[in-house]
Number of protein chains: 2
Amino acid sequence: MERDRIPEAVIRRLPKYYRYLSEQLRAGEERVSSSGMSRDMGLNASQIRRDLNCFGGFGQQGYGYNIEKLRGEIMRIMGIDARQRMVIIGAGNIGQALAGYGGFAREGFLAVGLFDTDSTVIGQRVSELVVRPVAELAAFLRRQPVQVGVICTPAAAAQETADRLVQGGVRGIWNFAPCDVQVKAGVAVENVHLNDSLFVLSYRLREDGSEG
Amino acid sequence: MERDRIPEAVIRRLPKYYRYLSEQLRAGEERVSSSGMSRDMGLNASQIRRDLNCFGGFGQQGYGYNIEKLRGEIMRIMGIDARQRMVIIGAGNIGQALAGYGGFAREGFLAVGLFDTDSTVIGQRVSELVVRPVAELAAFLRRQPVQVGVICTPAAAAQETADRLVQGGVRGIWNFAPCDVQVKAGVAVENVHLNDSLFVLSYRLREDGSEG
DNA sequence: TAGATTGTTAATCGATTAACAATC
DNA sequence: TAGATTGTTAATCGATTAACAATC
């Protein structure tokens, strides 16, 4: 069965569905309709039905969607039903925060290594991890498969870090450095550009002020 | 002069232009053409010309764009030519990292307050700031104008925090909590949903794997 | 069966890209 | 003037929304 390519816009909404369904499940709800989700999430009901239908007919006419089942399907589609191992490169503010944040482990993303080049932080303990020298990264990756590499270095070191990760077999890069990185085909990059996000907020501050 | 509304997609690209132009300026370049930017940034040249033209004709036929001037215009448009003051609510991993990160201050965004409800962290020094009790937030905001409120609390406290910030006159919310918050019209919200971002990466890991 | 709600098609909207006349 | 490159219009593409027949 050949599935159509999933539109980019739909993929970006999946985590939001997942979040909503998890909440509803926790609240003890059993089923939900597209109009109910529309009301709660502020999305158009047609869009919700269309989105969910990209992956197959999980709904039932006259009933709606079973929350537990739909949530399970979305987990499977996003690949968060399996455990993923992550290494974090750069033990500065952001790197340490991500290493210490329990929210990812709770969803199955486990940080197994934290690396830096700065000898003053190497050896320090951060949460469950001890900061290792980046020079050991290649050997580390040879010993154990790692799915996700998190770049938390300064911009100047980001590309080299990406290269090392890809060289070591990592196929997903989560990039927090304030620059873009180039990777070969088959490697996924997801950027978290905090400065960019802050600038967009800054733009909207003015926009709303002058319109209101 | 009535300006057309700027498309959402263009606004999200502005920080990327800014980043590119800053780099070029640092490298000593003076002018750039849309085709040069296209090559370097991986965007379509038509799109670049169209984007930049949303704000007025900064270019010159046969010459291109003056980097310093264009960068200045984009700064002005995004509102990052002026200083902005931020308060951070939640002194956990993320809140502390943002308070300590120098990259925002360098762009004119200054963290002036860090708040938490946990008495074990209140009073602690984080970078230049001392963690204050959230109970003092209202009084703090009365004493000095703050443009941006950064929510770094757990999901359960996010909405209440947003309400307190808006009540205190903050008109821009940078939300790092893993949930959405509701605010009245005229308040801008920019979300940084780290879990969502990680899930999208996770989806692409599978996608590329099965296609490659 | 009647009511509710999906899945899906058609219509609309917005964003991207190609093409080229205008102009520096 | 000739060459380069913008600004802008027209064509294409993709995403959203409305509408409704299918069906539980």
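The figures here come from the full heavy-atom set of this structure, side chains too, leaving out hydrogens, waters and symmetry mates. Here is how names work: the chains are called A, B, and so on, in the same order as the sequence lines, proteins then strands, and each is numbered from 1.
- Between atom CZ of residue A/Arg39 and atom OG of residue A/Ser33 there is a gap of 6.5 Å, rounded to the nearest 0.5 Å.
- In this structure, A/Arg164 pairs ionically with A/Glu160, as a charged nitrogen and a carboxylate oxygen lie closer than 4.0 Å.
- Taking atom CD1 on B/Ile6 and atom P on C/dT16, their separation rounds to 14 Å, with Å as the unit.
- A cation-pi contact, defined as under 6.0 Å to the ring centre and within 45° of the axis, is absent between B/Arg31 and B/Tyr65.
- Taking the six-membered ring wherever Trp is involved, the centroid distance between the rings of A/Phe55 and A/Phe58 does not fall below 6.0 Å.
- B/Glu8 places its CD atom 15 Å from the P atom of D/dA15, with the value rounded to the nearest Å.
- Atom CD1 of A/Ile11 and atom C1' of D/dG14 are 13 Å apart (whole Å).
- Note: CD1 (A/Ile48) to P (C/dT6) measures 9 Å, nearest angstrom.
- Summarising the geometry, the separation between NZ on A/Lys69 and C1' on C/dT6 is reported as 13 Å, rounded to the nearest angstrom.
- Atom CZ of B/Arg12 and atom C1' of D/dA15 are 17 Å apart (whole Å).
- A salt bridge does not link A/Glu8 to A/Arg13: none of the charged nitrogens lies less than 4.0 Å from a carboxylate oxygen.
- As judged by a 4.0 angstrom heavy-atom cut-off over every strand, A/Ser34 is placed among residues touching the sugar-phosphate backbone only.
- A salt bridge links B/Asp81 with A/Arg206: the closest approach of a Lys/Arg side-chain nitrogen to an acidic carboxylate oxygen falls below 4.0 angstrom.
- When only modelled atom types and interatomic distance are considered, A/His193 and A/Asp180 share a side-chain donor-acceptor pair under 3.5 Å.
- Atom-to-atom, CZ of A/Arg31 to P of C/dG3 comes out at 16 Å; the value is rounded to the nearest Å.
- B/Lys69 and B/Glu73 are not joined by a salt bridge, as no carboxylate oxygen comes within less than 4.0 angstrom of a charged side-chain nitrogen.
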Classify every nucleotide of nucleotides 17-24 of chain C by which part a protein heavy atom approaches to under 4.0 Å, writing B for the base, S for the sugar-phosphate alone and - for neither, in 5'-to-3' order. BBBB-BBB
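- Over its full length, the helix from C/dG3-D/dC24 to C/dC24-D/dG3 turns its helical axis through 10°, comparing axes from the five pairs at each end and rounding to 10°.
- Put simply, B/Tyr65 has no side-chain N or O that comes within less than 4.0 Å of OP1 or OP2 on D/dA4.
- A/Asn53 has no side-chain polar atom (N or O) that falls below the 4.0 Å cut-off from OP1 or OP2 of C/dT6.
- Remark: C1' of D/dT6 and CG of B/Leu70 are 13 Å apart, rounded to the nearest angstrom.
- Counting non-hydrogen atoms under 4.0 angstrom, B/Arg13 reaches the backbone sugars and phosphates but no base.
- A salt bridge does not link B/Arg12 with A/Asp196: every distance from a Lys NZ or Arg NE/NH1/NH2 to an Asp or Glu carboxylate oxygen is 4.0 Å or more.
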